[in-house]
Amino acid sequence: MSLERYSSAVLALLDTIFEEEAPAMRTAATWIADAVAEDHLIYTFGTGHSHVLASEMFHRAGGLASVSLMVEPGATFQVGALAGTLLERTAGYGSIIAGRYPIEPGDVLIAISNSAANAVVLEVAQAAKARGARVMALLSRQYAQKKRSPMLGIADLVLDNHGPAGDALVEIGSETVGPISTVAGAFILNAIWCEAAYLLYHRGLPIPAYRSSNMPGAEAHNTRWIEHLKGRVRHL
């Protein structure tokens with residue numbers, strides 16, 4: 001029964017995102033296409049489980065080659081979930097992380113945080129904006145409003161995953177289970193990239209997409225982009 005409840009809730013939410021966020025998603029795609037056309041980078045950053053979404057866009061089959069993942073192991077549970085939760089709330093830490101990456105005017109930062117309430121992601125977004133990058137925030141607007149998040153004012157563009165405050169969808173007894181932010185966020189990010197690729201194609205520009213390494217000709221294809229981006233994308 002709950003299998004069906006979660007499935008129905010997810011599909012309904014994705015329909016809502018498509019209907020209500022399409023204008024913002026098209027704007028995001030245009031910004032990404034513009035940045036790529038001018039050989040700029042798309043930075044992605046998130047802490048905790050939002051790091052999963054930041055990684056979703058980085059160096060993967062069918063994904064955008066021009067993505068530079070911003071990594072901070074301490075805020076991604078690699079040092080422990082409790083320590084990571086404390087670190088993502090630590091003031092000043094985000095500024096240190098941002099300082100490790102050469103964000104510049106023309107770049108785009110996708111700042112990912114469901115609640116948009118933690119200090120680190122806010123500071124990274126502020127630093128990127130101060131350096132002239134466009135800042136997109138992928139978040140739950142309901143949750144961010146509940147937390148009175150400054151991200152709603154920092155970001156140049158907000159992408160709402162339409163998830164509830166607290167993230168989970170299915171009530172069972174006294175508990176609510178079934179997180180949605182990862183599913184919804186991956187849909188939004190990949191849909192945006194598809195639209196950006198379409199825009200680049202119709203501008204007569206190459207699409208900087210990686211191919212699965214196990215497909216014929218993929219190594220030579222991917223090497224072209226890796227050589228172009230090596231030294232600029234920190235974690236290649």
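Checked against Val135 for a side-chain contact (heavy atoms from CB on, under 4.5 Å), the options Val108, Ile103, Asp107, Asp156 give a single hit: Asp156. Each of Val158, Asp160, Asn161 was checked for a side-chain contact (heavy atoms from CB on, under 4.5 Å) with Glu21, and the lone residue meeting it is Asp160.
Inter-residue side-chain proximity for Leu169 and Arg5 is flagged as unmet; no heavy-atom pair is nearer than 4.5 Å. A heavy-atom distance below 4.5 Å is not found between the side chains of Ser68 and Leu229. Using a 4.5 Å cut-off on side-chain heavy atoms (C-beta onward), Met25 and Ile17 make contact. Inter-residue side-chain proximity for Phe58 and Val233 is flagged as met; some heavy-atom pair is nearer than 4.5 Å.
A donor-acceptor distance shorter than 3.5 angstrom exists from the side chain of Ser149 to the backbone of Ala116, with no hydrogens or angles considered. Between the side chain of Thr30 and the backbone N or O of Arg26, at least one donor-acceptor pair lies under 3.5 Å. Judged by distance alone, the side chain of His40 and the main-chain N or O of Asp34 form no donor-acceptor pair under 3.5 Å. No donor-acceptor distance shorter than 3.5 angstrom exists from the side chain of Arg232 to the backbone of Ser66, with no hydrogens or angles considered. For Gln142 (side chain) and Ala165 (main-chain N/O), a donor-acceptor pair under 3.5 Å exists by modelled atom type. Between the side chain of Ser140 and the backbone N or O of Gly163, at least one donor-acceptor pair lies under 3.5 Å. Within the 3.5 Å criterion, the main-chain N or O of Ile154 finds a donor-acceptor partner in the side chain of Lys129.
With hydrophobic clusters built from ILVMFWY side chains whose heavy atoms lie under 4.5 angstrom apart, Tyr210 does not share a cluster with Tyr198. Cluster membership for Val120 and Ile96, using ILVMFWY side-chain heavy atoms within less than 4.5 angstrom, is not shared. Note on Ile112 and Leu14: same hydrophobic cluster, where clusters join Ile, Leu, Val, Met, Phe, Trp and Tyr whose side-chain heavy atoms are under 4.5 Å apart, directly or indirectly. The cluster map of Ile, Leu, Val, Met, Phe, Trp and Tyr, joined by side-chain heavy atoms under 4.5 Å apart, puts Val71 and Ile97 in the same cluster.
Shown here is Lys147, whose NZ atom has no more than 12 heavy atoms of other residues, nucleotides or ligands within 6.0 Å. Enclosure of atom CZ in Arg203 by more than 12 non-hydrogen atoms of other residues, nucleotides or ligands within 6.0 angstrom is indicated.
Partners of Arg100 under the salt bridge (charged side-chain N to carboxylate O under 4.0 Å, His left out) rule, at least two apart in sequence or in another chain, are Glu72.
In this structure, a donor-acceptor pair under 3.5 Å is present between the side chains of Asp39 and His228.
In this structure, His235 has its ring center under 6.0 Å from that of Tyr101.
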### Message
With side chain to side chain contact (heavy atoms under 4.5 Å, CB included) as the criterion, how do Trp193 and Leu189 come out once you've worked through the C-alpha distance, each side chain's angles and the decisive distance to 0.1 Å?
### Response
CA-CA 6 Å; Trp193 164 226; Leu189 292 172; over 6 Å; no

### Query
So Val121 and Ser50, side chain to side chain contact (heavy atoms under 4.5 Å, CB included) or not? Walk me through it.
CA-CA 10 Å; Val121 71; Ser50 293; over 6 Å; no

### Task
Begin from the C-alpha positions of Gln145 and Leu152 and carry the test side chain to side chain contact (heavy atoms under 4.5 Å, CB included) through to its verdict.
CA-CA 8 Å; Gln145 288 175 336; Leu152 296 171; 3.8 Å; yes

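Thr27 contributes atom OG1, which lies 9.5 Å from atom CD1 of Ile192 (distance to the nearest 0.5 angstrom).
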